Amino acid sequence: MGPCIACSVTQRQGAGERLLDHMFRNPLSEAAAINERSEVFRCFQRANLKFPFDVQQVSLMREYLDAKAGKYPAVVYAKTLVKRMLSSLVRDDQFKKNLQGLQATILLLNKCYAFVQKNDFGNCAFGGRSIEIKRILSEKALEKIRNTNIYKDLGSRSIAFFDTILKGRLHHQMESILSFIYEIDVNIAVSEVAARRGFCYAKALPGKANILSVSDVSHPCVSNAVGNSIELGRDQNVLFLTGANMAGKIHADEGHWSEYVPGAYGFSGRCRQYGVLCKGGVIFVDKRRGQYRDGV
């Protein structure tokens with residue numbers, strides 16, 4: 001399922017794709033955490049949400065926050081005056097870029113506040129994240145900034161004040177808001193793929209359960225593929241995949257593996273239902289390539 005989600009996320013922003021890649025490279029190992037992640041994806045799928053933020057504005061906000069400001073308001077104010085003067089004298093674009101980044105940031109803060117006001121996610125673990133962001137956006141300094149009319153001519157003193165707050169005193173909180181936007185991007189992308197392709201989510205079991213149960217599983221990228229069911233446990237713990245050359249062993253191999261791995265990470269897979277165990281207990285042996293793949 002990974003490539004399917006990555007394609008959907010890439011169409012919006014690279015940061016969401018990087019977060020998805022991080023999730024795959026750093027798999028969860030506790031059953032409770034995996035099931036919690038799956039429930040968040042289900043929650044977004046039930047809500048049928050669309051990505052509510054403008055991609056270009058997110059990019060401008062990222063660049064704005066990356067351009068650090070000084071700690072002292074007087075110094076920031078002096079730098080703002082210099083940039084404004086240079087923009088008029090030699091057409092330097094530093095002041096314009098900073099202003100555009102500030103305007104995009106204020107717009108996104110308001111969109112983010114509207115999003116958490118409308119969607120509290122009280123029925124899944126993402127609710128805690130939503131409450132945290134709502135608390136940050138409700139701080140007096142950010143509330144004042146959110147209520148600023150970005151379409152009027154902002155004075156240098158106001159711009160310097162906003163830079164000091166957003167890039168300095170509340171920089172950590174602003175990074176948390178950006179991360180929240182990236183998380184929304186991934187959650188929506190995953191849920192969209194699952195809904196569009198009819199995927200389901202695994203129920204992760206503790207490693208001591210020693211159970212792998214998959215019903216009607218097939219390769220996610222092969223249309224109209226015939227599904228297979230697999231049941232592995234204490235009394236049935238060896239699976240032989242045999243057949244003539246060119247009989248489809250590789251596709252069957254990759255199909256099972258490409259569904260087992262996302263399920264163990266909390267993502268959805270192309271099957272009717274399945275349960276996977278966490279960390280240790282399943283070893284996948286690929287004799288054709290002379291490899292032993294450790295259980296996820």
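The model shown is predicted, which means the values in this text are computed figures rather than measured ones.
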Taking atom NZ of Lys111 as the centre, does the number of heavy atoms from other residues, nucleotides or ligands within less than 6.0 Å exceed 12? yes
Sorted by first residue and then second, give each side-chain hydrogen bond (donor to acceptor under 3.5 Å, both in side chains) pair with at least one member in residues 120-129; sequence neighbours left out. Arg129-Glu132, Arg129-Ser176, Arg129-Glu183
Gap separating the OG1 atom of Thr105 from the CD atom of Glu63, nearest 0.5 angstrom: 10.5 Å
With a 4.0 Å cut-off on N to O distance, would you call Glu139 and Lys144 a salt bridge? no
When you compare the side chains of Asn98 and Lys167, does any donor N or O come within less than 3.5 Å of an acceptor on the partner? yes
If the condition is side-chain contact (heavy atoms from CB on, under 4.5 Å), which residues does Glu36 pass it with, not counting sequence neighbours? Ala125
Scanning both residues in full, the closest heavy-atom pair of Lys152 with Asn149 reads CG-O, 3.3 Å
Go through the steps to decide whether Tyr113 and Phe115 satisfy the test ring pair (Phe, Tyr, Trp, His ring centres under 6.0 Å), and finish with yes or no. CA-CA 5 Å; Tyr113 186 75; Phe115 181 84; over 10 Å; no
Min side-chain heavy-atom separation Phe199-Gln45 under 4.5 Å: no
Side chain to side chain, Thr80 and Arg157, heavy atoms closer than 4.5 Å: no
Would the distance check show the side chain of Asn187 and the main-chain N or O of Phe41 forming a donor-acceptor pair, the cut-off being under 3.5 Å? no
Is a donor on one side and an acceptor on the other found under 3.5 Å between the side chain of Asp93 and the backbone of Lys96? no
Side-chain ion pair, Arg46 and Glu39, N-O less than 4.0 Å: yes
Would you check if the side chain of Ser138 reaches a backbone N or O of Glu143 as a donor-acceptor pair within less than 3.5 Å? no
Establish, from distance only, whether the side-chain atoms of Tyr64 and Asp163 form a donor-acceptor pair under 3.5 Å. yes
Working to the nearest 0.5 angstrom, can you tell me the gap between Cys112 SG and Leu107 CG? 12.5 Å
Could you please spell out the steps behind the side chain to side chain contact (heavy atoms under 4.5 Å, CB included) verdict for Phe180 and Val116? CA-CA 11 Å; Phe180 181 71; Val116 296; 3.8 Å; yes
Run the numbers on Gln103 and Tyr151 for side-chain hydrogen bond (donor to acceptor under 3.5 Å, both in side chains), then give the verdict. CA-CA 9 Å; Gln103 292 171 330; Tyr151 299 106; over 6 Å; no
With side chain to side chain contact (heavy atoms under 4.5 Å, CB included) as the test, pick out the partner of Ile159 among Leu81, Thr164, Leu99. Leu99
Between Val76 and Phe162, is any pair of side-chain heavy atoms under 4.5 Å apart? no
Evaluate the ring planes of Phe126 and Phe121, with Trp represented by its six-membered ring, and classify them as parallel (under 30°), tilted (30 to 60°) or perpendicular (over 60°). perpendicular
Check whether more than 12 heavy atoms from other residues, nucleotides or ligands sit under 6.0 Å from atom CD of Glu175, and answer yes or no. yes
Within 6.0 Å of NZ in Lys140, more than 12 heavy atoms from elsewhere: no
4.5 Å side-chain heavy-atom contact, Leu178 and Met61: yes
Taking C-beta and beyond as the side chain, do Asp185 and Phe53 meet within less than 4.5 Å on heavy atoms? no
Should Met174 and Leu142 count as side-chain neighbours, where that means a heavy-atom distance under 4.5 Å? yes
Reported CG-to-CD1 distance for the pair Leu102 and Ile150, which is rounded to 0.5 angstrom: 8.5 Å
Just how far is it from atom CE of Met85 to atom NZ of Lys83, taken to the nearest 0.5 Å? 13.5 Å
